[in-house]
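This report concerns only the one structure given below.
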Amino acid sequence: MKVGVFDSGVGGLTVAKSLIEHKLFDEIIYFGDTARVPYGTKDAKTIIKYSLEALEFLKSFDIDMLIVACNTASAHALEELRKNASFEVFGVIEPGVLAAVNRLKNQNSSILILGTKATINSGQYEKLLRQNGYNNLISLNPSLFVPIVEEGLFEGEVLQSAMKYYFKDVKQSLDAVILGCTHFPLIAKAIQNYFPKSVLIHSGDAIVEYLEAKCHIKRSNNKTSLKLLASDNVKTLQSTADLWLKN
Ligand code: DGL
């Protein structure tokens with residue numbers, strides 16, 4: 001089975017990594033819209049327009065399914081993408097919420113949702129969590145985390161200062177943190193150290209669980225082949241993939 005994985009840039013490689021590790025597909029066609037990243041600061045209309053253009057581009061590769069790795073595009077464009085595709089389109093928000101629900105038996109659990117400005121403003125995570133009875137929610141947009149990750153600063157002073165700054169009003173005894181942005185799994189270790197008691201929800205692992213449970217997609221024995229495409233600077237995407245996919 002050939003799957004298209006779409007992201008605003010390089011971040012969706014964290015989702016591709018989970019798909020590759022779990023061997024859910026024979027082939028991944030990854031498209032990062034690196035010419036127009038970030039999506040997280042744009043308005044819904046623009047995010048939908050760019051996502052639909054990415055869909056049209058990926059259609060030319062004869063994909064059987066599309067996974068929207070980008071939380072921002074999942075939050076705003078999923079419905080439009082589904083209307084315009086003849087194959088199934090999955091985002092990462094519903095799987096992330098399901099993963100949280102599966103791990104948090106107590107509905108009073110305190111959950112911190114981290115995402116881009118556009119993801120947080122969409123209120124999608126909150127809406128789905130509330131529908132499942134979880135109301136103890138805090139939403140945050142730690143916008144400096146994205147460039148920090150892109151600089152490869154997965155630990156150290158800069159990241160620590162940014163965490164202190166954004167998390168100053170959040171209690172460290174939280175039950176769960178939703179890493180609602182493609183970049184955040186790369187700093188999961190630092191976030192886990194900051195919130196030692198929290199369960200961390202990772203979009204890549206969540207979509208794997210979701211596809212296995214809901215779509216009955218079985219793991220295969222074959223290695224997944226990965227084709228990397230970008231709207232700008234595919235070499236940077238390739239070198240980021242070399243770095244991120246090996247860790
Ligand atoms: N891929 C985006 C997300 O997961 C983060 C980067 C961006 O703002 O485009 O929300």
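The model shown is predicted, which means the values in this text are computed figures rather than measured ones. Order of listing sets the numbers, starting from 1, for every ligand and every atom in it.
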Lys127 to Tyr125, cation-pi by 6.0 Å centre distance and 45° axis angle: no
With side chains defined as the heavy atoms from C-beta onward, is the minimum distance between Leu140 and Phe167 less than 4.5 Å? yes
Considering only NZ, NE, NH1 and NH2 on the basic side and carboxylate oxygens on the acidic side, decide whether Glu53 and Arg36 come within less than 4.0 Å. yes
N/O pairs closer than 3.5 Å, ligand 1 and protein:
unit_1	atom_1	unit_2	atom_2	d
ligand 1	1 (N)	Asp7	OD1	2.9
ligand 1	1 (N)	Ser8	OG	3.1
ligand 1	1 (N)	Thr182	OG1	2.9
ligand 1	4 (O)	Asn71	N	3.0
ligand 1	4 (O)	Thr182	N	2.9
ligand 1	4 (O)	Thr182	OG1	3.2
ligand 1	8 (O)	Tyr39	N	3.4
ligand 1	8 (O)	Gly40	N	2.8
ligand 1	9 (O)	Ser8	OG	2.6
ligand 1	9 (O)	Tyr39	N	2.7
ligand 1	10 (O)	Thr72	N	3.1
ligand 1	10 (O)	Thr72	OG1	2.6

Criterion salt bridge (Lys or Arg N to Asp or Glu O under 4.0 Å) on Glu80 and Lys83, from CA distance to verdict: CA-CA 5 Å; Glu80 282 303 315; Lys83 273 192 219 154; 3.0 Å; yes
A side-chain contact here means heavy atoms from C-beta on lying under 4.5 Å apart; do Lys189 and Phe154 qualify? no
For Leu58, all residues meeting side chain to side chain contact (heavy atoms under 4.5 Å, CB included), sequence neighbours excluded: Phe6, Ile29, Phe31, Ile63, Leu66
